Amino acid sequence: MLRLHDTATGTVRPLEVREPGVVSMYVCGPTVYDVPHLGHGRFVLVFDVLRRYLTWSGYRVHHVSNITDVDDKIIDRANREGRTEAEVAAEYEAVWYEAIDALGVRRPDADPHATAYVERMVELIGELMDAGVAYRTSDGVYLDVGRVESYGLLARQTLESLQAGARVDVDDQKRSGHDFALWKAAKAGEPTWPSPWGGGRPGWHTECVVMSLDLLGEGFDVHGGGQDLAFPHHENERAQAVALGRTFARHWVHNGWVVVGGEKMSKSLGNFTSLTDLLERVDGRAYRLLVLRSHYRSPLEVTPATTADATAALERLDNLARRAGEEALVDVEPDPAALVSFRAAMDDDLDTPAAMAMLFDLVRAANSALDAGDHAAAARSVATVREMASAVGLALRTDAAALDHDVAAMVAARDQARAAKDWPAADAAREALVARGWVVEDTPAGTRIRRR
RNA sequence: GGCGGCGUGGCCGAGUGGUUUAGGCAAGGGCCUGCAAAGCCCUGUACCCGGGUUCGAUUCCCGGCGCCGCCUCCA
């Protein structure tokens with residue numbers, strides 16, 4: 001039974017699902033106004049690992065993750081670049097999925113778009129008005145958070161203490177600084193939809209309530225996202241559901257930041273690296289491994305040093321997989337005892353660092369067994385490594401790169417020279433290969449090369 | 001001001017009241033190798049500071065110091 005940290009209680013507690021054997025999870029997706037950065041990469045990896053682990057554990061998982069395609073920043077960009085909002089959103093949604101695919105993250109079962117849900121959002125806002133918890137101002141419709149019971153649950157503070165530190169000037173039309181826009185009246189040049197309160201567009205916090213309840217239903221199991229979404233975004237989603245007497249998420253999961261030199265990576269701080277840039281120089285699997293080696297709620301340093309570290313560790317896994325292929329190890333069942341330990345670690349609030357430690361212990365065991373010629377033991381360890389790796393979405397690479405004629409000729413030259421014990425010629429061939437970015441290894445079967 | 005988190009060996013990053021230990025990377029030594037690479041073996045004696053509890057604390061409590069986050073858009 002998986003135990004997960006729940007932001008609403010501040011405790012690690014069993015994931016009690018609504019329907020046996022099924023997990024419904026909603027993870028807040030991106031606002032598509034710019035390229036994704038490393039923080040986005042981390043959160044999709046974290047929830048991909050959760051999803052895959054749940055699936056591996058035998059659950060059927062319904063995973064919904066939205067695309068916010070109407071928002072101030074999209075409008076700003078469209079205006080700046082003389083394009084339509086739809087064009088901007090489409091462009092960055094494509095970039096988003098390209099990056100996500102490169103990370104080996106499974107796409108959600110559904111990716112609702114805000115613009116497709118405006119009518120339903122208008123309905124929900126109408127219900128909030130009818131319930132007397134929302135009110136109009138000259139620029140839109142707001143939710144009166146003071147009317148919502150337990151507002152502040154996810155911030156783990158009372159409304160009073162939140163207000164005590166409010167950094168925003170209280171708009172005199174708002175009853176409270178924490179009241180938030182459900183509907184924003186359209187200004188000139190902005191996209192607009194009709195509503196009983198005039199043309200405009202929905203506030204950000206409304207889309208996720210409507211879409212999650214529509215696609216997953218009341219009392220869905222997991223609602224997740226980055227820690228900065230807990231408050232106010234998730235708080236505000238919840239407030240709308242609660243105000244209407246709807247049961248919202250049963251379990252709140254939030255992942256920690258990507259940090260650089262101890263500071264949060266964010267757009268506003270300007271210290272971000274785009275995911276696209278990272279993926280140009282680092283294997284997406286290495287980023288996954290880096291994410292897996294820290295706990296999902298801890299801050300994670302992502303720097304050239306830590307990605308290089310993870311890349312080297314990943315190579316160790318790939319080397320084993322290739323070696324296993326060369327030795328033609330037969331497929332056997334994974335070691336059940338090892339899987340019990342693995343499951344225990346993962347069930348403990350996704351203790352992926354412990355799981356990875358087990359994985360690398362098995363890598364050593366497999367290599368040792370291969371060194372000793374014990375193919376049965378090696379096969380079992382390798383099968384276990386594969387099983388654990390696949391449970392968290394880590395694919396091991398075994399395929400050899402295709403060689404062009406020049407490279408193949410250098411390999412042949414080295415084999416000939418070595419057969420003739422012509423060491424200077426053999427070394428020259430190796431140096432030529434290394435210069436082209438290959439790692440050269442001698443094996444009983446001859447020269448083997450792989451990409452650095 | 002309110003709320004929360006963190007401070008572990010060269011780096012990243014887990015964890016625990018006490019036998020032997022995370023794990024990875026890097027480093028040094030060794031085995032293997034024509035030399036390498038890969039792999040294996042060995043090595044580091046870490047836990048911010050000061051008190052307290054305890055037979056015993058890196059781990060619990062209190063107090064410092066330092067860092068970070070949320071309370072505004074943000075994964």
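Labels below follow one simple rule: chain letters A, B, ... track the order of the sequence lines, proteins then strands, and each chain is numbered from 1. Just so we're clear, the structure is a prediction, and the values are computed from it rather than from any experiment.
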Which pairs of donor and acceptor atoms, one on a side chain in residues 360-369 of chain A, lie under 3.5 Å apart (sequence neighbours left out)?
residue, atom, partner, partner atom, Å
A:Asn367, OD1, A:Arg323, NH1, 2.8
A:Asn367, ND2, A:Val363, O, 3.3
A:Ser368, OG, A:Arg364, O, 3.1

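- Residues meeting the side-chain hydrogen bond (donor to acceptor under 3.5 Å, both in side chains) test with A:Thr31, sequence neighbours left out: none.
- Where stacking is scored as ring centres under 5.5 Å apart with planes under 30°, A:Phe360 does not register as stacked on the base of B:G23.
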For nucleotides 11-20 of chain B, read 5' to 3', which letter fits each nucleotide if B means a protein heavy atom sits under 4.0 Å from the base, S means only the sugar-phosphate is that close, and - means neither?
-SSS------

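- Under the rule for a salt bridge (Lys or Arg N to Asp or Glu O under 4.0 Å), A:Asp71 has no partner lying at least two apart in sequence or in another chain.
- Every pair passing side-chain hydrogen bond (donor to acceptor under 3.5 Å, both in side chains) that includes a residue from residues 385-394 of chain A is listed here, sequence neighbours excluded: A:Trp56-A:Glu387.
- For the contact set between residues 367-379 of chain A and RNA chain B, defined by any heavy atom under 4.0 Å, the members are A:Asn367, A:Ser368, A:Asp371.
- A donor-acceptor distance shorter than 3.5 angstrom exists from the side chain of A:Arg156 to the backbone of A:Ala8, with no hydrogens or angles considered.
- In terms of the salt bridge (Lys or Arg N to Asp or Glu O under 4.0 Å) criterion, residue partners of A:Arg83 (sequence neighbours excluded) are, by chain and number, A:Glu81, A:Glu91.
- Taking atom CG of A:Asn255 as the reference point, atom P of B:G5 lies 17 Å away to the nearest angstrom.
- For the pair A:Lys264 and B:C70, the criterion of a side-chain N or O lying under 4.0 Å from OP1 or OP2 is met.
- Qualifying side-chain hydrogen bond (donor to acceptor under 3.5 Å, both in side chains) partners for A:Thr311, counting only residues two or more places apart in sequence or in other chains: none.
- Taking every side-chain heavy atom of A:Arg364 into account, B:C40 is the closest of B:C40, B:G69, B:C35.
- For A:Tyr33, there are no ring-ring contact (aromatic ring centres under 6.0 Å, His included) partners two or more places apart in sequence or in a different chain.
- Comparing A:Val439 and A:Ala155 against RNA chain B, the residue whose closest nucleotide sits nearer the 5' end is A:Ala155.
- Judged as a side-chain hydrogen bond (donor to acceptor under 3.5 Å, both in side chains), and not counting sequence neighbours, A:His37 has no contacts.
- Partners of A:Glu85 according to the side-chain hydrogen bond (donor to acceptor under 3.5 Å, both in side chains) rule, which considers only residues two or more places apart in sequence or in another chain, do not exist here.
- Contacts of residues 89-98 of chain A with RNA chain B (heavy atom under 4.0 Å): none.
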